[in-house]
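The next block holds one structure in the form of structure tokens; read it before the comments.
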Amino acid sequence: MAKIFVEGIKLYAYHGCMEEEGKIGRSFVVDVVIDTDLSKAALSDKLTDTVDYVKVYEIVKAEMEIRSKLIEHVAKRIHMALLKKYPQIQKAEVKVTKLNPPINGNVESTSVLVSE
């Protein structure tokens, strides 16, 4: 078993419970960690024998483009889409971070981590 990390995916999106978040948006960062067997890919050197990082990015980007009120919902959608695309994934962790959330205070970010 090995891990694939696709980290620091920076996207601008429109998630949030407040109406203005749906209009003006804000910056988000998504991190993905995938547990899978990489032994075949390590020997074959073929992209078809592993989880394609480009496809991981495309899944994250597509799900982030669908507005949600909660980052919990977005993280779970990304997680489910990854597992659907790549049945060989044993476990996936998806962390969605909202930068500078609209909280009455000085808060750098809020995050949700979905893992199964």
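Keep in mind that this is a model prediction, so the values were computed, not measured. Heads up: numbering here begins at 1 and tracks the sequence.
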- In terms of hydrophobic clusters joined by side-chain contacts under 4.5 Å, are Y53 and I59 together? yes
- Item | Side-chain donor or acceptor of R67 paired with backbone N/O of G16 under 3.5 Å | yes
- Query: So do S27 and K10 actually touch side chain to side chain, heavy atoms under 4.5 Å?
  - Reply: no
- Query: In terms of hydrophobic clustering (I, L, V, M, F, W, Y; side-chain heavy atoms under 4.5 Å; direct or indirect links), are V112 and V33 co-clustered?
  - Reply: no
- Between E21 and K98, does at least one N-O distance fall below 4.0 Å, as a salt bridge requires? yes
Show every donor-acceptor pair shorter than 3.5 Å between a side-chain atom in residues 73-81 and any protein atom, with sequence neighbours excluded, or say none if there are none.
| from | atom 1 | to | atom 2 | distance (Å) |
| --- | --- | --- | --- | --- |
| H73 | ND1 | S68 | OG | 3.0 |
| H73 | ND1 | R77 | NH1 | 3.0 |
| K76 | NZ | E116 | OE2 | 2.8 |
| R77 | NE | E63 | OE1 | 2.7 |
| R77 | NH1 | S68 | OG | 2.6 |
| R77 | NH2 | E63 | O | 2.5 |
| R77 | NH2 | I66 | O | 3.1 |
| H79 | NE2 | A92 | O | 3.1 |

- Drop me the distance from L83's CG to I89's CD1, to the nearest 0.5 angstrom. 5.5 Å
- Does atom CD of E19 have more than 12 heavy-atom neighbours, drawn from other residues, nucleotides or ligands, at distances under 6.0 Å? no
- Message: Please find the pair of heavy atoms, one from F28 and one from R26, that lie closest to each other, and give the distance.
- Response: CD1-O, 3.3 Å
- Heavy-atom side-chain contact between I34 and Y86 under 4.5 Å: no
- Thinking salt bridges, do K23 and E20 make one under a 4.0 Å N-O criterion? no
- Task: Taking all non-hydrogen atoms of both residues into account, name the closest pair between L113 and K95 and its distance.
- Result: CD1-CB, 3.9 Å
- Task: Without swapping roles, check the side chain of D35 against the backbone of K3 for a donor-acceptor pair under 3.5 Å.
- Result: no
- Euclidean distance, T110 OG1 relative to E108 CD, rounded to 0.5 Å: 11.0 Å
- Message: Counting C-beta onward and ignoring hydrogens, is there a side-chain heavy-atom pair between I4 and V56 closer than 4.5 Å?
- Response: no
- Spatial distance of atom CD (Q88) from atom CG (D49) [nearest 0.5 Å]: 9.5 Å
- Query: Would you call Y57 and L11 a side-chain contact if the rule is heavy atoms closer than 4.5 Å?
  - Reply: yes
- Kindly indicate, with the supporting measurements, whether the criterion side chain to side chain contact (heavy atoms under 4.5 Å, CB included) is fulfilled by V6 and V51. CA-CA 11 Å; V6 183; V51 175; over 6 Å; no
- Message: Please find the pair of heavy atoms, one from S109 and one from P101, that lie closest to each other, and give the distance.
- Response: CA-CD, 3.8 Å
- Task: Measure the shortest side-chain to side-chain distance between M64 and H15 over non-hydrogen atoms and say whether it is less than 4.5 angstrom.
- Result: yes
- Message: I need the E58 CD to D52 CG distance, nearest 0.5 Å.
- Response: 7.5 Å
- Message: Do D37 and Q90 make a side-chain contact, defined as non-hydrogen atoms from C-beta onward lying under 4.5 Å apart?
- Response: no
